[in-house]
Protein chains: 2
Amino acid sequence: MQRYFINQNADSLQRFSIIDKGDIHHITNVMRHQIDDEIIITFLDQFVYKCKIINIATDEIDIELVERIDIDSELPQNITVCSGLIKADKYEWLLQKATELGASEFLAVGMKRSVVKLNESKVTKKLERWQKIIKEAAEQSYRLVIPSIDYKASLKEVFQQIDVYDYILIAYEDAAKQGESSNLKKVVKQFQPNDRVLVVFGPEGGLAEEELALFNDSAYQVGLGPRILRAETAPLYVLSVVSYEVELFD
Amino acid sequence: MQRYFINQNADSLQRFSIIDKGDIHHITNVMRHQIDDEIIITFLDQFVYKCKIINIATDEIDIELVERIDIDSELPQNITVCSGLIKADKYEWLLQKATELGASEFLAVGMKRSVVKLNESKVTKKLERWQKIIKEAAEQSYRLVIPSIDYKASLKEVFQQIDVYDYILIAYEDAAKQGESSNLKKVVKQFQPNDRVLVVFGPEGGLAEEELALFNDSAYQVGLGPRILRAETAPLYVLSVVSYEVELFD
């Protein structure tokens, strides 16, 4: 069942209104819900409730809370997917899939070997578009939070803020070619809940020497297995294996 | 560096010819190679050689072997990704990414809840198109083999051949909703080299009750973490975690 986000904290004694045009369209035209139908709402404080539709208007759908649903669908770690700019359709696909797989945050970075460049004047509009894609994916995959996204003109700008992260991983193609096959597993097995992890992925052309050198001792260079993964695939590998390590048990 | 496949066994004393039109186009027009340039060739017996271009003609590129390259880029297990038919563009993305991630074989199946149906008369053409996508992805990701693909009109047809598989996993959405979080890890940790593994994924609408019932005791129902993954994302999760478990070390 599709879930929707409401940007307020849950309150079972209160009624709420859905005012997002996209959500209203989805509820009324796509799902064709009617009064008394139940839908699932995720609130700002990450509480999830089964709710009943009380009223439907063109610009507002009123709901009341029925029952709380207990499911923690968030990864215990906050994973930031930091990617060099790649072709638009591939990046949008990546945002959708990485959101399904639990990413916390996206950084789109103008890296040295990016074939794609982003004009400063177009950044705001791009970020809006990307945020919309992320929100839809978060709703469909039952996320409790909507990942954020930001643009950085260079990896240097990202590096200036690395202190907020507990771990920095660089998915480095040559590491894999040289047979590096243990860093990722060693690091992931050390993860604690709420750790903030920055994972850096190069664009189609890979990371430049000076970009790698930036991070030097601050980061682990990790191989992602012996096959070459494309720029838009590599983040999905990392997110999947973190989930496997920390959310599945044997 | 792009690799190309030659459908013969390697022989360092012999010269070979590339005759595939797509490869010739890529070598001459995209990469603009010239005589004496080196390219990498993967042979039918999975040997990989650095080769030198001896001659370039419109319908044939002749090469001689220079040096063998030792890298095993294949997963130790043979993973069959068995998917219900989904929208064409999503399936093509899936084929490309799952090939990068090491899948051995694809089964495209007309499942009960598939929104997309495939007309028998169009099957051959579709398979050709899909095979081409798989081949290109295999070349770019340095696979030693090109995964195969086949179409089955129903999951029942797949079930009739399950004896060839050592393990059968069903990625079942409701298993995850009910909190199933251990089957996948338990099973993957038991994998031996050369095991044949069938993994069944439903279409957008999920697997039907009777399709699940088909496999009953023959299969493990596995949850893929607490987030709902789309039909085209779930196989990438499974392939990534198998790689992590069997190809990375701590």
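Since the model is a prediction, treat every value here as computed from it, not as a measurement. The sequence lines fix the lettering, A, B, ..., with proteins before strands; numbering per chain opens at 1.
Within 6.0 Å of CD in A:Glu209 there are 12 or fewer heavy atoms belonging to other residues, nucleotides or ligands. The number of heavy atoms from other shown groups lying within 6.0 Å of CD (A:Glu210) is above 12.
In this structure, OG in B:Ser181 is found 6.5 Å from CG in A:Leu248, a value given to the nearest 0.5 Å. With rounding to the nearest 0.5 Å, the separation of CG in B:Asp250 from CG in A:Leu184 is 10.5 Å. Rounding to the nearest 0.5 Å places CG of B:Leu224 at 11.0 Å from CD of A:Glu247.
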Could you please spell out the steps behind the side-chain contact (heavy atoms from CB on, under 4.5 Å) verdict for A:Lys97 and B:Glu232?
-> CA-CA 9 Å; A:Lys97 302 312 171 202; B:Glu232 69 275 17; 2.6 Å; yes
Would B:Glu74 and A:Arg227 count as a side-chain contact (heavy atoms from CB on, under 4.5 Å) if you check the C-alpha gap in whole Å, the side-chain angles of each, and the deciding distance to 0.1 Å?
-> CA-CA 8 Å; B:Glu74 290 302 306; A:Arg227 288 161 300 285; 5.7 Å; no
Residues B:Leu101, A:Leu229; criterion side-chain contact (heavy atoms from CB on, under 4.5 Å); working and verdict | CA-CA 7 Å; B:Leu101 288 164; A:Leu229 304 180; 3.6 Å; yes
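Counting all heavy atoms, side chain and backbone alike, B:Ser240 lies closest to A:Leu236 at OG-O, 4.3 Å. In terms of heavy atoms, A:Ser73 sits closest to B:Pro226 at CB-O, 3.7 Å. Residues B:Tyr244 and A:Lys189 approach most closely at OH-CG, 4.3 Å, considering heavy atoms.
When the candidates A:Gly223, A:Ala137, A:Ser141 are compared by the number of heavy-atom contacts under 4.5 Å with chain B, A:Ser141 comes out ahead.
Taking the side chain as every heavy atom from C-beta outward, B:Phe249 and A:Lys186 never approach each other to under 4.5 Å.
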Using a 3.5 Å cut-off and no angle test, enumerate the donor-acceptor pairs between side-chain atoms of residues 87-95 of chain B and protein atoms at least two apart in sequence or in another chain.
residue : atom : partner  : partner atom : Å
B:Glu92 : OE1  : B:Arg129 : NH2          : 2.9
B:Glu92 : OE2  : B:Arg129 : NE           : 2.6
B:Glu92 : OE2  : B:Arg129 : NH2          : 3.3

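With a 4.5 Å cut-off on non-hydrogen atoms, A:Leu75 touches chain B through its backbone and its side chain both.
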